[in-house]
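Report on the structure given below.
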Amino acid sequence: MSALSGMENSAGVVLRRAVELDASGRYQESLVCYQEGIELLMQVLKATKDDSKKAHYRQKLTTYMDRAEQIKQHVIKEKEEGKYHKQIKIVDNSTGYSYENLFKPYVNEMLTEVWVEDPYIRYVHQLYNFLRFCEMLIKGPSKVKKINLLTSRDEENGKEVQISGLQEIKTSLHDYGVTLEVTFSPSIHDREIRFNNGWMIKIGRGLDYFKKPQGRFSLGYCDFDLRPCYETSVDIFHNNHTRKT
């Protein structure tokens, strides 16, 4: 397969995903895929020599760009009116819901501070979940400078593991110029994540919605897009006043 054919196939995969997300009402995610697919298809157009194929690609680009613009304006309007609300139902044993896939559409260059409220960042696997979430933020395109975690203290099963784990994450984040502030509350029960660019995500199970892998060498152990999930719901809102000081 030539490099051009490979790029064309990649564009097709991304744009088909955009159409699927669009059809299911997941507009913000579909917009991200449309933009990525359009960029790939434009590269294909530039590298194509055949005039008939160029005309075909231009027609496709016009269609996808028009739809992407419509979605963009729709999302902007809902955000301005404070009406944006989307719910994602994660079915038991479903896959494809890594933090990258779930949160990336709402991570942009305007994002500098994050609030995480989750009572269960206690055990080793939950600490790793929080670490993976932090890694997703650091990879950009955000410019996160501070992450605030509100959780409950593990008083029974390994308090020292929780404290040392969070301290290690804090030290590692500091190396990337990010401050982690941890607060403990005995009464916390809500599970939500707030970005200071206006997005707020509520997950029924918090960050801990992945099932335990079958083994250390099973698919999904490293790549969380392949990790089966527990049934839960994800509610996404946009509100310019979600930030707390």
Side-chain angles (χ1 to χ4, degrees), residues 10 13-14 16-21 23-26 28-33 36-37 86-107 111 114-142 144 147 149-152 154 157-158 161-162 164-166 168-170 172-173 176 178 180 189-195 199-236:
S10 297
V13 169
V14 175
R16 283 193 293 273
R17 179 60 175 162
V19 172
E20 290 172 1
L21 291 167
S24 63
R26 295 165 64 176
Q28 183 70 25
E29 293 162 273
S30 72
L31 181 59
V32 173
C33 288
E36 182 181 345
K86 179 178 71 176
Q87 185 176 78
I88 300 172
K89 292 285 190 180
I90 299 179
V91 179
D92 190 51
N93 280 324
S94 61
T95 58
Y97 293 99
S98 67
Y99 298 146
E100 292 274 346
N101 271 347
L102 201 58
F103 296 107
K104 210 64 172 181
Y106 314 101
V107 175
L111 179 61
V114 176
W115 291 262
V116 178
E117 295 187 9
D118 190 327
Y120 296 106
I121 308 295
R122 299 179 182 178
Y123 306 127
V124 172
H125 76 279
Q126 294 167 345
L127 290 164
Y128 274 124
N129 286 342
F130 181 64
L131 175 60
R132 289 186 180 94
F133 175 77
C134 292
E135 289 174 337
M136 181 275 301
L137 293 173
I138 297 303
K139 287 168 65 177
S142 69
V144 172
I147 300 171
L149 172 64
L150 177 64
T151 189
S152 61
D154 184 4
N157 300 308
V161 173
Q162 181 189 33
S164 63
L166 288 172
E168 193 169 342
I169 294 173
K170 183 174 184 176
S172 184
L173 284 169
Y176 283 84
V178 179
L180 172 62
H189 56 84
D190 289 340
R191 297 169 175 86
E192 68 178 40
I193 295 168
R194 300 188 305 279
F195 296 159
W199 292 106
M200 178 169 64
I201 300 103
K202 292 178 175 286
I203 308 177
R205 296 184 61 95
L207 292 175
D208 193 10
Y209 57 87
F210 296 104
K211 291 190 174 183
K212 184 179 180 180
Q214 293 182 348
R216 290 184 298 166
F217 299 100
S218 300
L219 293 179
Y221 186 85
C222 297
D223 188 340
F224 271 38
D225 272 326
L226 301 175
R227 179 80 68 90
C229 299
Y230 288 104
E231 180 178 346
T232 191
S233 59
V234 182
D235 287 277
I236 301 162

Side chain to side chain donor-acceptor pair (under 3.5 Å) evaluation trace for Ser152 with Arg122: CA-CA 8 Å; Ser152 61; Arg122 299 179 182 178; 2.8 Å; yes
Begin from the C-alpha positions of Glu168 and Leu127 and carry the test side-chain contact (heavy atoms from CB on, under 4.5 Å) through to its verdict. CA-CA 10 Å; Glu168 193 169 342; Leu127 290 164; over 6 Å; no
Apply ring pair (Phe, Tyr, Trp, His ring centres under 6.0 Å) to Phe224 and Phe210, showing your working. CA-CA 8 Å; Phe224 271 38; Phe210 296 104; 4.5 Å; yes
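Considering only heavy atoms from C-beta on, Tyr209 stays 4.5 Å or farther from Val234 through its side chain. Residues Ile193 and Leu207 are in side-chain contact: their nearest non-hydrogen atoms beyond the backbone lie under 4.5 Å apart. Between Val107 and Met136, some side-chain heavy-atom pair lies under the 4.5 Å cut-off. Residues Trp199 and Phe103 have side chains not in contact (no heavy-atom distance under 4.5 Å, counting atoms from C-beta outward). In this structure the side chain of Phe130 never reaches within 4.5 angstrom of the side chain of Asp118, judged on heavy atoms. No side-chain heavy atom of Ile201 sits less than 4.5 Å from a side-chain heavy atom of Leu102. Using a 4.5 Å cut-off on side-chain heavy atoms (C-beta onward), Tyr97 and Ile203 make no contact.
For CG of Leu226, the number of neighbouring non-hydrogen atoms (other residues, nucleotides, ligands) closer than 6.0 Å is greater than 12. Within 6.0 Å of the CD atom in Gln87, the count of heavy atoms belonging to other residues, nucleotides or ligands exceeds 12.
Residues Tyr221 and Gly215 come closest through the heavy atom pair CD1-O, 3.5 Å. Considering every non-hydrogen atom in both Thr151 and Tyr120, the closest pair reads OG1-N, 3.9 Å. Annotation for Ser30 and Ala18: closest pair CB-O, 3.4 Å, computed over non-hydrogen atoms. Shown here for Ile90 and Cys229, the closest heavy-atom pair between the two residues is CG2-CB, 3.6 Å. The nearest pair of heavy atoms linking Arg191 to Gly204 is CD-O, 3.3 Å.
Note that CD of Glu29 and OG of Ser24 are 7.5 Å apart. Values are rounded to the nearest 0.5 Å. Residue Leu180 holds its CG atom at 7.0 Å from CG of Leu166, rounded to the nearest 0.5 Å. Here NZ of Lys202 is found 3.5 Å from CD of Glu192. Values are rounded to the nearest 0.5 Å. Taking CG from Leu131 and SG from Cys134, the interatomic distance works out to 6.5 Å, rounded to the nearest 0.5 Å. Atom CD1 of Ile121 sits about 9.0 Å away from atom CD of Gln162, to the nearest 0.5 Å. Distance check: Leu173 CG to Glu135 CD gives 9.0 Å after rounding to the nearest 0.5 Å.
Using a distance-only test at 3.5 Å, with no hydrogens or angles considered, a donor-acceptor pair links the side chain of Ser142 to the main chain of Leu137. Under a 3.5 Å cut-off, the side chain of Thr232 and the backbone N or O of Arg205 do form a donor-acceptor pair. Listed for the Glu117 side chain is no donor-acceptor partner under 3.5 Å among the backbone atoms of Asp190. A donor-acceptor pair is defined here as one N or O able to donate and one able to accept, closer than 3.5 Å; such a pair exists between the side chain of Asn101 and the backbone of Gly96.
Identified under the salt bridge (Lys or Arg N to Asp or Glu O under 4.0 Å) test for residues 206-218, with sequence neighbours left out: Asp92-Lys211. Pairs engaging residues 220-236 under the salt bridge (Lys or Arg N to Asp or Glu O under 4.0 Å) rule: none recorded [sequence neighbours left out].
Partners of Tyr99 under the side chain to side chain donor-acceptor pair (under 3.5 Å) rule, at least two apart in sequence or in another chain, do not exist in this structure.
Aromatic pair Phe195/Tyr106: ring centres not closer than 6.0 Å.
Salt bridge annotation for Arg17-Glu20: present, with a cationic side-chain nitrogen under 4.0 angstrom from a carboxylate oxygen.
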